[in-house]
> 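Here it is, the structure, as structure tokens.
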Amino acid sequence: AVSATNLVYLPLDERFATRGCFLRITQIADGLQVLSPPLSLLPSLKKAPNQDALISWTSKNMAQADDAVISLEMLIYGGLITSRSSMDSVDLVVSRFNNTIAKYIEMYPNLRLSVSTVIMRIPSYDGDTEEPAYWAKYGRLIYQYSFYQDRYDVLHNADDLAQANKYKAQIPGDILSEFLWRRQRNMAVIEALMALQRDTHALHRVYITLDDNAEWGFNKAEERTIRGWVAQWGLGKDVFIYPGADEVALLQVAELLQTAPGARPAPRICPLWRLPQYRDRIPSYEGQAFNISVATQIQAVGGIVASTGPNDCLGQADLALVVNNFDKEGEAPDQQATPSTDYDGMKAFLPIKGRSTPANVQGWGVVDKRYANGGDLSLVKWMAAQPVDMTRVAFAAWNTAGNSLGTVLAQMVLAYLYPKGAPQSLDFTAGRLVEDVAYMASARNMLCTFLNMANEEYDSLGSDPAFYSKFTTKALQEGLKETTAWLGIGYTIDQLYYPWNRTFEIGFNLRRK
């Protein structure tokens with residue numbers, strides 16, 4: 001059994017999607033004590049925290065930690081959003097790194113320190129909710145310039161250079177200079193991180209994720225640079241690079257516990273695709289084939305890829321990862337009613353109540369990515385009708401493919417390591433069904449329709465947040481009736497809120513009746 005451990009957790013930001021999910025999923029791990037800063041020390045969207053106080057809290061608690069999951073965005077900049085907008089100098093942010101991460105590995109040589117950082121995203125739209133103010137007017141132009149300039153730098157097609165110059169000419173010079181400077185600054189911190197691992201190999205693992213990316217762009221150029229350092233400095237076993245961001249801490253903690261003294265052998269994880277012929281399609285908001293991300297994240301969670309070919313490995317697997325994938329480049333944006341025959345091929349992969357399962361398979365997960373930003377209502381209806389035994393299945397369908405994939409893998413591995421945490425694992429699954437399916441794929445559409453009628457903005461619920469909380473809670477309570485009948489557990493929802501005052505995500509308390 002995995003020994004009890006104290007773990008310091010510094011989240012990517014203050015949202016329920018990051019901090020809240022981590023605190024919930026780690027309840028599966030019996031004996032794990034999580035030390036995480038209170039919300040009063042964390043940022044609030046674009047309001048930066050007191051960085052000195054946050055670093056002081058972290059340094060103080062490191063003294064009693066066995067393990068640590070640390071986001072450099074929070075530790076160095078004050079959170080994900082601040083990392084995209086702060087004007088802190090290169091010297092200042094690198095000195096923060098040297099006075100924290102570099103010091104911790106010297107002071108606590110037995111500390112298993114898992115560090116994550118994000119290659120700064122380049123959204124393809126105009127909007128400054130999460131970006132500097134200039135993104136509201138110039139975001140799309142900056143994205144286009146970045147895309148075509150990088151593609152030209154790699155492929156040397158003159159048409160791409162002409163496109164890049166066309167978009168560049170429309171961006172004010174001071175804005176473009178600030179954008180490029182901040183990217184160089186953040187890369188300086190990543191280079192310091194890579195150099196520290198090269199010189200010491202003292203960090204347990206390093207996770208570098210690409211948030212909202214595409215096949216080309218300055219962020220992809222930075223990824224290629226980092227991969228060059230990894231290859232040159234022999235860091236391939238220490239560093240994981242893949243599309244994602246919000247889910248990374250879940251993978252980190254699962255991997256730390258999977259590799260802890262006394263843990264079970266690394267699980268062999270078998271990917272099983274609804275549409276195996278389309279497993280190499282590129283998901284929305286990402287820049288590489290889905291099957292490559294699946295293989296990378298299996299390794300990043302401490303597992304072993306069992307597959308040698310598509311859908312051929314169930315007989316050799318400890319865990320089965322079932323993927324409801326899409327058939328084109330990127331998930332479909334709009335929910336559609338699909339016939340149950342679309343899912344009949346998945347029946348052999350899943351634990352159906354009343355039917356025997358392969359003796360070697362000890363857990364299942366469903367990554368539901370047929371649609372973008374929400375679950376597949378037809379799939380969930382089909383799963384409930386079988387019925388699939390969800391006491392043995394992890395599930396996620398939120399935001400990007402990388403987000404959902406990492407969430408499912410982390411839950412699968414934690415449930416594999418801690419069989420006594422089965423009730424907590426089921427509660428976590430219920431929470432994902434509430435948020436990813438009942439809210440994102442259904443109730444959110446109802447809310448947006450109401451907001452449109454009331455002439456309210458989707459990204460600003462400031463006029464009456466208490467009303468919108470009650471509106472959504474009532475809608476989700478109705479949706480819970482079918483879910484609870486399927487799971488065999490009664491749940492109730494309360495304390496629902498909108499972390500960044502927008503419809504895109506919710507926080508809530510889900511408890512058994």
Side-chain angles (χ1 to χ4, degrees), residues 83-84 117-128 130-132 134-188 190-191 194 208-232 239-245 278-296 326-333 369 372 399-402:
S83 74
R84 302 172 185 163
T117 191
V118 179
I119 297 176
M120 193 165 65
R121 73 178 194 169
I122 308 175
S124 61
Y125 52 82
D126 292 335
D128 65 349
E130 300 181 41
E131 314 300 325
Y134 58 74
W135 216 268
K137 186 174 182 180
Y138 299 104
R140 178 67 178 171
L141 292 172
I142 293 172
Y143 168 82
Q144 297 280 27
Y145 166 56
S146 164
F147 181 96
Y148 286 107
Q149 184 64 54
D150 181 53
R151 195 161 75 174
Y152 170 75
D153 290 342
V154 174
L155 302 179
H156 308 295
N157 185 312
D159 290 341
D160 287 334
L161 180 59
Q163 287 286 86
N165 288 335
K166 179 183 76 172
Y167 291 114
K168 181 180 180 181
Q170 300 175 64
I171 306 166
D174 58 336
I175 287 174
L176 188 57
S177 294
E178 180 185 324
F179 168 74
L180 296 173
W181 165 81
R182 190 171 289 112
R183 302 202 71 83
Q184 293 165 358
R185 181 199 65 178
N186 291 14
M187 274 293 283
I190 296 177
E191 184 174 10
M194 294 290 95
I208 300 175
T209 59
L210 290 95
D211 187 17
D212 279 10
N213 64 104
E215 194 171 0
W216 304 100
F218 294 147
N219 44 2
K220 296 297 287 185
E222 291 157 5
E223 177 193 0
R224 293 192 295 272
T225 297
I226 296 166
R227 289 188 183 277
W229 293 334
V230 169
Q232 180 182 349
V239 180
F240 300 106
I241 305 171
Y242 59 87
Y278 297 122
R279 67 192 184 282
D280 61 351
R281 296 295 192 263
I282 298 175
S284 302
Y285 319 112
E286 297 187 359
Q288 69 180 29
F290 201 0
N291 60 324
I292 295 175
S293 293
V294 166
T296 301
F326 45 90
D327 59 2
K328 296 179 181 178
E329 291 296 321
E331 305 93 305
K369 290 311 301 175
N399 206 358
T400 68

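In this chain, residues are counted from 1 in sequence order. Worth saying up front: this structure is predicted, and the values here are computed from it rather than measured.
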> Work out which heavy atom in Asp126 is nearest to a heavy atom in Tyr138; give both atom names and the distance.
OD1-C, 3.8 Å

> How many angstroms lie between atom OG1 of Thr225 and atom CD1 of Ile190, to the nearest 0.5 angstrom?
10.0 Å

> Among all residues two or more places apart in sequence or in another chain, which pass the salt bridge (charged side-chain N to carboxylate O under 4.0 Å, His left out) test with Arg140?
none

> Just list the side-chain donor-acceptor pairs under 3.5 Å for residues 171-179, sequence neighbours left out, or say none.
| from | atom 1 | to | atom 2 | distance (Å) |
| --- | --- | --- | --- | --- |
| Ser177 | OG | Gly173 | O | 2.9 |
| Glu178 | OE2 | Arg182 | NH1 | 3.2 |
| Glu178 | OE2 | Arg182 | NH2 | 2.8 |

> Evaluate the side chain to side chain contact (heavy atoms under 4.5 Å, CB included) criterion for residues Glu223 and Asn213: first the C-alpha distance (whole Å), next the side-chain angles of each, then the deciding distance (0.1 Å), finally the verdict.
CA-CA 11 Å; Glu223 177 193 0; Asn213 64 104; 5.7 Å; no

> Say you draw a straight line from CG of Asn219 to CZ of Arg121; how long is it, rounded to the nearest 0.5 Å?
11.0 Å

> Can you name the residues that form a salt bridge (charged side-chain N to carboxylate O under 4.0 Å, His left out) with Glu331, not counting sequence neighbours?
Lys369

> Return the CH2 to OH distance between Trp135 and Tyr125, rounded to the nearest 0.5 Å.
9.0 Å

> Does the side chain of Glu131 reach to within under 4.5 Å of the side chain of Ile142, using non-hydrogen atoms?
no

> Return the minimal non-hydrogen interatomic distance between Pro283 and Gln288, and the atom names on each side.
CD-O, 3.3 Å

> Where is the tightest heavy-atom contact between Thr209 and Ala245, given as atom of each residue plus distance?
OG1-CA, 3.6 Å

> Below 6.0 angstrom between ring centroids: does that apply to Tyr145 and Phe218?
yes

> How many angstroms lie between atom CG of Leu210 and atom OH of Tyr242, to the nearest 0.5 angstrom?
10.5 Å

> On a heavy-atom basis, which atom in Glu286 and which in Gly402 lie closest, and how many Å separate them?
OE2-N, 2.7 Å

> Return the set of residues passing salt bridge (charged side-chain N to carboxylate O under 4.0 Å, His left out) with Arg183 (not counting sequence neighbours), or none when no residue passes.
Glu222

> Please report the shortest heavy-atom distance between Ser293 and Pro243, naming the atom on each side.
OG-CD, 3.5 Å

> Scan residues 152-166 for pairs that pass salt bridge (charged side-chain N to carboxylate O under 4.0 Å, His left out), counting only residues two or more places apart or in two chains.
Arg151-Asp160

> If you compare all heavy atoms of Ser124 against all heavy atoms of Tyr143, which two are closest, and at what distance to 0.1 Å?
CA-CG, 3.5 Å

> How about Met187 and Ile226: do any of their side-chain heavy atoms sit closer than 4.5 Å?
yes

> From Met194 CE over to Gln232 CD, what is the distance, rounded to the nearest 0.5 angstrom?
12.5 Å

> State the CZ-CD1 distance between Arg84 and Ile122, to the nearest 0.5 angstrom.
11.5 Å

> Yes or no on side chain to side chain contact (heavy atoms under 4.5 Å, CB included) for Asn291 and Arg281, after CA distance, side-chain angles and deciding distance?
CA-CA 8 Å; Asn291 60 324; Arg281 296 295 192 263; over 6 Å; no

> Does some side-chain heavy atom of Thr400 sit less than 4.5 Å from a side-chain heavy atom of Asp212?
yes

> Who are the salt bridge (charged side-chain N to carboxylate O under 4.0 Å, His left out) partners of Lys168, not counting sequence neighbours?
none

> Could you check whether the rings of His156 and Tyr152 sit parallel, tilted or perpendicular, using 30° and 60° as the cut-offs?
perpendicular

> Is Gln170 reaching over with its side chain to a backbone N or O of Leu141, donor-acceptor style, under 3.5 angstrom?
no

